[in-house]
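Here is the structure we will look at, set down as structure tokens.
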Amino acid sequence: MTEWLTALADAFFGTILDVLPIAGILVFFQLVVLRQRIPHLGRVLTGFVYVIIGLALFLVGLEKALFPIGEHMAKQLTDPGFIALGRPADSISWADYYWVYLFAAAIGFSTTIAEPSLIAVANKASELTGGSISGWGLRMAVAIGVALSIAVGAFRIVTGTPLYLYMIVGYSLVVLQTIYAPRMIIPLAYDSGGVTTSTVTVPLVTALGLGLASTVPGRNPVLDGFGLIALASLFPMLSVMSYAQAGAWLAARRKKRERERADFDKATPQTGSER
């Protein structure tokens, strides 16, 4: 109990130190630069208190619960006794780690769906476009991209292949896809790659990477345990632009069918009763 209280107090005071510079900048520009009073000062102060308490509790929860669970499960899934099933440990190949890839994809998908920063961006995108960009559809597209990225990152750790190969190929695809994707979605797709690496995703994904690199034979946690976050920022750009391209293609097909139906109706002679 004392350990929990100490961790909560440290997180609380640490959060205050982190939030104070932000509050200071906002107050300085409001009072000195804009020379305006802070509207609804009571609400603002109450909101800052809620932010500090919420962030402190969230950080303690990540440190004491989610982070250890992610690392512990990664170690269990890579245990030779679980993977080999009675076979010699030296006979294990990358294909035997399929549960690791599935777990990595599930972790990436679920953490992205719950990511507060992504929810905020998706809601704003839906609001500003009048619903033409679905907030839920955008979140699903980003979550699928992160799921694929974490699974590919787990494969990279298991096989020990260099990270730069994945980054070169991935960003080459991003540049190529940017040429053909709808212009409206490109800035949002690039931002979606950044908002995924936030408070929920980073701790769990980092724990997963370090857990894998610590238990897979021949891997170094420092060299191989990191890099999942870089991939998690890359794949959502591809998935969001693919989502927009698929939507544009379906809309074009729908318009084409409607136009063909209208042309057919015009070309079909009407009967006397129809006249």
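Both backbone and side-chain heavy atoms feed into the values below; hydrogens, waters and symmetry mates do not.
In this structure, the side chain of Gln30 does not engage the main chain of Arg35 through any donor-acceptor pair within 3.5 Å. Proximity of a side-chain donor or acceptor of Asp96 to a complementary backbone N or O of Ile92 within less than 3.5 Å is not detected. When atom types are taken as modelled, the side chain of Ser239 and the backbone of Ala141 share a donor-acceptor pair closer than 3.5 angstrom. With hydrogens and angles ignored, the 3.5 Å screen pairs no side-chain donor or acceptor of Ser126 with any backbone N or O of Ala122.
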Side chains of residues 207-232: which donor-acceptor partners sit under 3.5 Å, not counting sequence neighbours?
residue: Ser214; atom: OG; partner: Leu210; partner atom: O; Å: 2.6
residue: Thr215; atom: OG1; partner: Thr78; partner atom: OG1; Å: 2.4
residue: Thr215; atom: OG1; partner: Gly211; partner atom: O; Å: 2.9
residue: Thr215; atom: OG1; partner: Leu212; partner atom: O; Å: 3.4
residue: Arg219; atom: NE; partner: Ile157; partner atom: O; Å: 2.7
residue: Arg219; atom: NE; partner: Val158; partner atom: O; Å: 3.4
residue: Arg219; atom: NH2; partner: Val158; partner atom: O; Å: 2.8
residue: Arg219; atom: NH2; partner: Thr159; partner atom: O; Å: 3.3
residue: Asn220; atom: OD1; partner: Val222; partner atom: N; Å: 2.8
residue: Asp224; atom: OD2; partner: Asn220; partner atom: N; Å: 2.9

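Within a 6.0 Å sphere centred on OH of Tyr190, other residues, nucleotides and ligands contribute more than 12 heavy atoms. Sparse packing is recorded around CZ of Phe29, with 12 or fewer heavy atoms of other residues, nucleotides or ligands lying under 6.0 Å away.
For the pair Glu115/Val195, no side-chain contact is recorded, criterion being any heavy-atom separation below 4.5 Å from C-beta on.
Smallest separation of non-hydrogen atoms from Thr161 and Arg156: O-CG, 3.2 Å. Across all non-hydrogen atoms, the minimal contact from Ala7 to Lys64 is CB-CE, 3.8 Å. In terms of heavy-atom proximity, Ala143 sits nearest to Thr112 at CA-CG2, 3.7 Å.
Remark: Glu127 engages no residue in a side chain to side chain donor-acceptor pair (under 3.5 Å) (not counting sequence neighbours). Applying the side chain to side chain donor-acceptor pair (under 3.5 Å) rule to Gln245 yields the partners Gln177; only residues at least two apart in sequence or on another chain are considered.
To the nearest 0.5 angstrom, Ile107 atom CD1 is 10.0 Å from Thr201 atom OG1.
The list of ring pair (Phe, Tyr, Trp, His ring centres under 6.0 Å) pairs with a residue in residues 30-62, not counting sequence neighbours, is empty. Residue pairs that meet the ring pair (Phe, Tyr, Trp, His ring centres under 6.0 Å) test with at least one member in residues 150-187, sequence neighbours left out, are Trp94-Phe155.
The hydrophobic cluster containing Tyr243, built from Ile/Leu/Val/Met/Phe/Trp/Tyr side-chain heavy atoms closer than 4.5 Å, comprises no other residue.
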